[in-house]
Amino acid sequence: MALFIHHVAQSNTSDRLFLTEKNEPLETLKLNQEALEFVKNQRDKLKKELIELNQFGGIQFLLFFDKEMDEAKRLEWCRKQGAQVNKSANSNGISTLLLETKSDAAAEILAVAEGLALSNYQFHKYRKDAADKKNSLEKLEILADINLKKLEHLIIAVEANCWARDLVNEPLNKLSAVDLAEQISTKFRAVGGKAEVFNKQKIEALKMGGLLSVNKGSIDPPTFTILEWKPENAKNTKPVVLVGKGVVYDTGGLSLKPSNAMDTMKCDMGGAATVAASIFAVASAKLPLHVIALVPATDNRPDGNAYVPGDVITMFDGTTVEVLNTDAEGRLILADALTYAKKFSPEIVFNFATLTGAAARAIGSQGIVAMEVKAADLFCDLAQSGNLVHERLVKFPMWDEYREQLRSEIADLKNIGGPEGGAITAGKFLEHFTDYPFVHFDIAGPAFIEKRDSYRGIGGTGTGVRLMFHYLNEYANKL
Ligand code: BES
Ligand code: ZN
Ligand code: ZN
């Protein structure tokens, strides 16, 4: 599970990872002659970058990085090597691993630790054999000249990312909208944040027609959660607002999804998990920023009183929407949250949602589809953070022409566009409810993966958490 990571000044731990630049002399490793020959051959002739050997009464992992490699690529290479080492450490029953470097490689050794820690994640709580399956690795010691603040931030980012994965991995029968609201508020309050949950009655009183309409086919009530981190030393005057789609399960409603398309739809609160975990990280690190997170939540079901295709609903801001597909539900609940965000006069709103299959089909799970309105400057910094944490952004256009697809004959808008550009028309629908700088991240592709992928693991990935935490930290530093 979550690894305990700490900095040490010296250590007797016998299982170690040594990180050195690939052209450094090997003599500093103090290996015996035979081992030295072996390593020289492996590294210099066979060009191996990760070498494993038994020495000094334990396993020694020797990792050789290339300082000529571009920074973002190099850090990602380190994380992936960390995942590789994690696999071997666990199959060898190692419980404590020492990570050491004498090179000028603080960022690299932290990236290796990050890959090791993220790949140690497991979600086995519903398995009888959980204890047997549990990873042996419990502790990382870091013996290197590193910045302790950066280490603290790494530990927080890993914890937040793993929590987001936990939330996504919980199935609907263990995580209703009420459960989601309760879990995110409880955990956020524990790190000093303020949390408020609106129940169905309050949501009705506010007339949040998008959220209420999607909820009509469910017997479980919706929730609307507001998390706020407002430290006295906040450097921003207007808050950063995060909004996350909290569809705890998406059957499609009466526009029912075919069975195999429904299999993974417990992940449809991935946006909610991302924003809750991001603001949790901000509060844990006590970043000097005023940040608010909004999470509208419900399941989307086809029970007795479900909303139907053809319905005209009135949203929180008074806009009327003709619903032509009950499976385009995310934009309806998000629209009400985006309207609610106006009352904070936000500096910027970041919206995270598993919004469209179109986004997933366009770029798969290797990045995030992102769209921006009045936020072009800031988008450069976001993309830069995305590259550095390897949660990369692909910018889609928000040209006005796409809006025409949302014209309805009988209402102000309809909730679906045509067969093309589906991720964009969804973004244009959201834009209608904003009047502030806005970035929308469609994480339908990367939020949940069905095949194991290095340190991202399998199932929920917590995509967006490391991106937001990195970006907001840089943002605070620049203010
Ligand atoms: N939750 C889905 C989008 C999704 C698809 C998330 C795949 C994760 C993986 C969303 O609510 C949805 O069903 N969107 C429809 C929109 C369409 C009806 C306009 C879609 O993408 O098919
Ligand atoms: Zn849907
Ligand atoms: Zn959905």
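Indexing begins at 1, ligand by ligand and atom by atom, following the structure's order.
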The N/O/S atom of Asp268 lying closest to the Zn ion (ligand 3) is OD2
Under 4.0 Å from one or more heavy atoms of Thr354, ligand 1 contributes atoms 1 (N), 2 (C), 3 (C), 6 (C)
The atom name of the N, O or S atom in Asp250 nearest to the Zn ion (ligand 2) is OD2
Per-atom filter on ligand 1: closer than 4.0 angstrom to a heavy atom of Met265 are 1 (N), 4 (C), 5 (C), 6 (C), 7 (C), 8 (C), 9 (C)
Q) Parallel, tilted or perpendicular for Tyr126 and Phe123, by the 30°/60° rule? A) perpendicular
Starting from the C-alpha separation in whole Å, work towards a yes-or-no answer on side chain to side chain donor-acceptor pair (under 3.5 Å) for Asp336 and Thr339. CA-CA 5 Å; Asp336 287 350; Thr339 299; 5.2 Å; no
Note: Asn325, heavy atoms under 4.0 Å from ligand 1, region reported as side chain
Confirm or rule out an N/O/S atom of Lys245, from backbone or side chain, lying less than 2.8 Å from the Zn ion (ligand 3). yes
Any nitrogen or oxygen of Gly357 lying under 3.5 Å from a nitrogen or oxygen in ligand 1? Just yes or no. yes
For Lys257, the ligand 1 atoms with a heavy-atom partner under 4.0 Å come out as 2 (C), 12 (C), 13 (O)
Between Phe441 and Phe352, what is the ring plane arrangement, given parallel below 30°, perpendicular above 60°, and tilted in between?
parallel
In this structure, the Zn ion (ligand 2) sits at the vertex of an angle between O of Asp327 and OE1 of Glu329 that rounds to 10° as 70°
If you compare Leu355, Val214, Thr356 by their heavy atoms, the one closest to atom 10 (C) of ligand 1 turns out to be Leu355
request  = Answer yes if the side chains of Thr319 and Asp317 hold a donor-acceptor pair under 3.5 Å, and no otherwise.
outcome  = yes
